[in-house]
Amino acid sequence: MTRRGWFSGVMLVLGLIFLYVPIASMVVYSFNASRLVTVWDAAHSPTLKWYGVLFSDGQVLHAAWLSLRVALSASTISSVLGLMAGIALARFGPFRGRSLLLGMTTAPIVMPEVISGLSLLLLFIALERAVGWPHGMGMSTLILGHVSFCMAYVTVVIQSRLAGFDQSLEEAAMDLGARPVRVFWAITLPLILPAVVSGWLLSFTLSWDDLVISEFVAGPGSSTLPMVIFSKVRLGVSPDVNALATIMVSIVATGVVVAAVWMRRRQRRSERDAQLAAAANL
Amino acid sequence: MDGVQDRDLTVPMVESRSQEAIPEPAYLRLEGLSKRFGEFVAVDAVSLEIARGEIFCLLGGSGSGKTTLLRMLAGFERPSAGRIWLDGQDLSAVAPHDRPVNMMFQSYALFPHMSVEKNVAFGLEQERLPRQEIRARVAEMLEIVQMSRYTGRRPHQLSGGQRQRVALARALVKRPKLLLLDEPLAALDRKLRERTQFELLNIQQRLGVTFIVVTHDQDEAMTLATRMGVMDHGRIVQVGAPAQIYESPANRFVADFIGSVNLIEGRVTEAGSGTVLIRSEAPACAIRAVCTLPCTIDDTVWVALRPERIQLQQAQHEGAAVENGLSGRVRDIAYMGDVSICLVEAGATLMRVTVPNSSGVLAHIARHDEVRLGWNASAPVVLLK
Amino acid sequence: MGGSNRARRWVVGVPTLWLVLLFLIPFLVVLKISFSVARLSIPPYAPLLVLRHGWPMLKVHLSSYAYLLTNPLYLRSYLYSLQVAAICTVLCLLIGYPMAYAIAHAGAWRNVLLMLIVLPFWTSFLLRVYAWIGLLQNNGLINHVLISLGLISHPLVMLQTDFSLYVGIVYSYLPFMILPLYSNLEKHDPALLEAASDLGARPFAAFLRITLPQSLPGIAAGSLLVFIPAVGEYVIPTLLGRTDQIMIGRVLSNEFFENRNWPLASAVAVVVLLMLVVPIVLLQRVERRELEAE
């Protein structure tokens, strides 16, 4: 036990270093005055130079604004659709078309993105020729494209959450006279709300981060942030990208810390409640 | 049942008897075995001797330390202090996989991805025995537990009782010097449990393996054990044969834990010549009881009175004279089949009385009737702790 | 939740319709175009359905597939993609298994460690891959460190090699290996290992005979979650991979955007899908079984 525990423990530490060194390096070099990563320009560093460069880059700001709007819409739509699909799969028992729905909700997760992107683009082109919509590629096609893979993730999250809690709660509500729609709003939704929230956040991240599908379904004038970054970094290291990465990392880190504190507090409260309840029993 | 004779088995006698039963040196000897988890003392300086071929039951509530003690014997927990000697070998520092001790887990812990046969063979394969021998011994053991017909099945295809047999076979096939059983019957339903108890006894006698059984179920302990140890807060509070422990509990905890008992607190008002007179406030009465313990006047003592030792009579009934009596009113009668349990209010105290239904006493007694309770001086046990 | 049939129909119908329209039908479009030929027009391929003497006729071309199969460039790309995906899957397994095992046995630290594994996933994938350019390039951080330690005198060429490609893919997909493995290992009953130990198995033997066989579904799920998307990976090979040997995702994108050969790009996609059908079906079966086991 101990020897294997030692080995896997060391591997875990090394693995975490492997996961975090690249991120840390970007954060550190975003404050480096020199363009070269090997040179730490001690005379002028740390500096916010690259942040200035980043924020004066109109293309980046424009792309970020587009990405934000696309991600908000795509994650909201995919949360609703994923919620429906998740409930259908976890709670409706066998129904006609279940395996079709199940297959279509899990396949996009592993589907190579070039294939999804190509197929969506070809569909949009065919649609445009057949019914005159969409008018060229742009924000609407980006949103449609992102929703189809985001909702797959939401579905999986919702489905596994529903599988994890007892159906008898819903049955009890119905037994007490609640109609199915009411059961959904009063019992099911509150219980799976954390899953819906994390599904939404996941969708937002995936949409915000997506490059390959966007490359296909974005029009000439509608470059998302990852597309702009990609065209920058294909040409080599550019330090303002480090600054951008640092900003994104700090947003995520802040979110995680806030979420952790909030969950900690909630857990403490429920522990205290449990203690009080136990004391009341004595 | 003749109470007087049982009462003779007082504490010093028990010790001399158990020494008789154990050939020197003891087969399994625990010396001051302790286990602490941080501040919490799970097992507190337990010393114990067990003879070869015994079925020893460790009985206790949850958190009493019985499972921790068992896990130390198996080697899953390292003792914080003390030693374990088995057949002259010091096991304290031996890894679980090198101990000549096997365990039957409460959950059975059958390997879900292996067939019954593979499960039973697993331990022998670790010994790198020849394949022929493994097959023969597995077949023989499955025959003993009557599972020969299910060799190819996976654990999830078996009933609870069948799983229990496989788990037993898997632990026994290694011919351990000591078999540890963690709540062996807890997962079985009532009917099956009774039958399995006798099978377990049978198999144990046939193979002569020393068993240590951990259980929280006193009926299980009573039926299986040659001797048992009652555990509380990490200590063994009493060791003895089941009848000894039932008839002569060493203290209030044991009296209350094993079976049901009426515990009456009182003060000694008269002491001498083998009996004492005790004055009690609740219920308000004087109790004469046989007592060989050294107690003096004004000592606080407790009278432990088993419900079946109390005679129940109609209030106006002039029955055989008994040494102790108490008046009360029947609050409830619960019919249990062979016996009925009556709860009788004597003042503010609730007394529990069991009456065999075959005695016919209850034919004339109903709820709210005034009754009279009586018992002999030899019926209760006087406890100092 | 039975009853209320109309609500039920909507709950099933809307997502199904959406996915049929935006996931299933697009593949049929790709399939259709793959049977066409490229030509200079808008759209740049020949229609499959043509009117000849007033009669509709189906003109199916297999030329794109024939070209794919006869031109060694494509075949080599396919094999290279499979090889890269397979190697990276094995590397992810070798690194991810001990990590998942350690997390599953970390007691109170479990959730924190799990969070640390998932966290990079929430920051931009593209940026994390980009970071490796700064680490691996000739005048990058790793070479700098190795030279200042005196281990090497000339910088190692690491960028745009198979090595950098493997690093990038393993780095990006490692969480996909760890998470299913963890959720499998975490469910193991610790009493089984104790039972094995009690029956005389040394720790490593107990691992091989109890833990490993029981974690096979987790290994399968993790491996497939890495392998399938890695085959079609586009971003990582573009940023970190070799320039003389491209993976099939790049081939598809080049055919589509640079050569404007839509039928050929579609045929490439269809063949990739055909290669991945077996692993995808396998993955769905494994995941369904795991879900039902809960």
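Below, read A as the first sequence line, B as the second, and so on, with proteins coming before strands; counting in each chain starts at 1.
Residue contact with chain A, scored on non-hydrogen atoms closer than 4.5 Å, involves the side chain of C/Leu239 exclusively. Both the backbone and the side chain of A/Leu201 come within contact range of chain C, with heavy atoms under 4.5 Å apart. Residue C/Leu283 touches chain A through its side chain alone, counting heavy-atom pairs closer than 4.5 Å. Proximity to chain A (any heavy atom under 4.5 Å) is shown, for C/Val20, by both the backbone and the side chain. Both the backbone and the side chain of C/Val11 have a heavy atom closer than 4.5 Å to some heavy atom of chain A. Of the atoms belonging to A/Phe124, it is side-chain heavy atoms, and not backbone ones, that fall under 4.5 Å from chain C. Using a 4.5 Å cut-off between heavy atoms, C/Val30 touches chain A through backbone and side chain atoms alike. Looking at C/Tyr97, neither its backbone nor its side chain comes within 4.5 Å of chain A, counting heavy atoms on both sides. Contacts between A/Thr155 and chain C at a heavy-atom distance below 4.5 Å are absent for every atom of the residue. Only the side chain of C/Trp18 comes within contact range of chain A, with heavy atoms under 4.5 Å apart. For A/Ser119, the parts sitting under 4.5 Å from any heavy atom of chain C are the backbone and the side chain alike. Interface residue C/Phe27: backbone and side-chain heavy atoms are both found under 4.5 Å from chain A. Contact of A/Ile187 with chain C is not made at all, since no heavy-atom distance falls under 4.5 Å. Heavy atoms of A/Val252 lying under 4.5 Å from chain C belong exclusively to its side chain. With a threshold of 4.5 angstrom between heavy atoms, A/Phe216 approaches chain C through its backbone and through its side chain. For C/Ser197, no part sits under 4.5 Å from any heavy atom of chain A, backbone or side chain. Proximity to chain C (any heavy atom under 4.5 Å) is shown, for A/Leu120, by both the backbone and the side chain. Heavy-atom distances place the backbone of C/Leu94, and not its side chain, under 4.5 Å from chain A. Within the 4.5 angstrom heavy-atom criterion, only side-chain atoms of A/Val212, from C-beta onward, approach chain C. Using a 4.5 Å cut-off between heavy atoms, C/Val281 does not touch chain A at all. Of the atoms belonging to C/Phe23, it is side-chain heavy atoms, and not backbone ones, that fall under 4.5 Å from chain A.
Residues A/Leu16 and C/Met99 come closest through the heavy atom pair N-CE, 3.8 Å. Between C/Pro98 and A/Ser8 the shortest heavy-atom distance is O-CB, 3.3 Å. For the pair A/Met151 and C/Pro15, the tightest heavy-atom approach, listed with the atom from each and the gap, is CE-CB, 3.7 Å. Closest heavy-atom contact between C/Val12 and A/Ala88: CG2-CB, 3.9 Å.
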Review point. What do the steps show when you test C/Phe256 against A/Leu118 for side chain to side chain contact (heavy atoms under 4.5 Å, CB included), and what is the final call?
Key: CA-CA 8 Å; C/Phe256 188 83; A/Leu118 175 71; 3.3 Å; yes
Exercise for review: Decide side chain to side chain contact (heavy atoms under 4.5 Å, CB included) for A/Asp209 and C/Phe121; before the verdict, give the C-alpha distance in whole Å, the side-chain angles of both, and the deciding distance to 0.1 Å.
Suggested key: CA-CA 10 Å; A/Asp209 203 25; C/Phe121 191 76; over 6 Å; no
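Taking chain A as the reference chain and counting heavy-atom pairs below 4.5 Å, the highest number among C/Ala102, C/Ala230, C/Gly232, C/Ala100 is found for C/Ala102. Between chain A and the residues C/Leu119, C/Leu28, C/Val29, the largest count of heavy-atom pairs under 4.5 Å involves C/Leu119. Heavy-atom pairs under 4.5 Å with chain A peak, among C/Val226, C/Asn143, C/Thr238, at C/Thr238. Ranked by heavy-atom pairs under 4.5 Å with chain C, the list A/Arg98, A/Glu113, A/Met248 is led by A/Met248. The greatest number of non-hydrogen atom pairs below 4.5 Å with chain A, out of C/Gly96, C/Ser253, C/Pro175, C/Pro229, is found for C/Pro229. Most heavy-atom pairs under 4.5 Å with chain C, from the set A/Pro108, A/Ala85, A/Ala245: that is A/Pro108. When each of A/Ala107, A/Ala253, A/Gly93, A/Gly82 is scored by its heavy-atom pairs under 4.5 Å with chain C, the top score falls to A/Ala107. Of the listed residues (A/Thr205, A/Leu144, A/Leu89), the one with the most heavy-atom contacts under 4.5 Å to chain C is A/Thr205. The most heavy-atom pairs under 4.5 Å with chain A, out of C/Pro279, C/Ala106, C/Ala269, come from C/Ala269. Of the listed residues C/Val167, C/Leu252, C/Val270, the one with more heavy-atom pairs under 4.5 angstrom with chain A than any other is C/Leu252.
Put simply, CG on C/Leu19 and OG on A/Ser148 are 7.5 Å apart, with the number rounded to the nearest 0.5 Å. Within the model, atoms CD1 of A/Ile23 and CG of C/Leu127 stand 10.0 Å from one another, a figure rounded to the nearest 0.5 Å. Atom CD1 of A/Ile125 sits about 7.5 Å away from atom CD1 of C/Ile33, to the nearest 0.5 Å. Atoms CZ and CD1, on C/Phe176 and A/Ile109 in that order, are 9.0 Å from each other to the nearest 0.5 Å. Atom CE of A/Met26 sits about 8.0 Å away from atom OG of C/Ser124, to the nearest 0.5 Å. Taking CZ of A/Phe204 as the reference point, atom CH2 of C/Trp122 lies at 10.5 Å (rounded to 0.5 Å).
Residues A/Val147 and C/Leu22 are not in side-chain contact: their nearest non-hydrogen atoms beyond the backbone lie 4.5 Å or more apart. Put simply, the side chain of C/Arg8 reaches to within 4.5 Å of the side chain of A/Phe92, judged on heavy atoms. Put simply, the side chain of C/Ile95 does not reach to within 4.5 Å of the side chain of A/Leu14, judged on heavy atoms. Residues C/Leu273 and A/Met111 form a side-chain contact, since some pair of their non-hydrogen atoms from C-beta on lies under 4.5 Å apart. Annotation: side chain of A/Val110 is not in contact with side chain of C/Leu224 (no heavy-atom distance under 4.5 Å). Counting only heavy atoms from C-beta outward, the side chains of A/Pro112 and C/Val231 never approach each other to under 4.5 Å. Taking 4.5 Å as the limit, some side-chain heavy atom of C/Leu24 sits within range of a side-chain heavy atom of A/Leu100. Using a 4.5 Å cut-off on side-chain heavy atoms (C-beta onward), A/Tyr29 and C/Leu141 make contact.
Using a 30° and 60° split on the angle between ring planes, C/Tyr171 and A/Phe18 fall in the perpendicular class, above 60°.
Residues passing the ring-ring contact (aromatic ring centres under 6.0 Å, His included) test with A/Phe230: none are found, sequence neighbours excluded. Contacts of C/Gln160 classified as side-chain hydrogen bond (donor to acceptor under 3.5 Å, both in side chains), with partners at least two apart in sequence or in another chain: none.
Side-chain atoms of C/Gln284 do not come within 3.5 Å of backbone N or O of A/Thr106 as any donor-acceptor pair. Looking at A/Tyr20, its side chain does come within 3.5 Å of a backbone N or O of C/Leu116 through a donor-acceptor pair.
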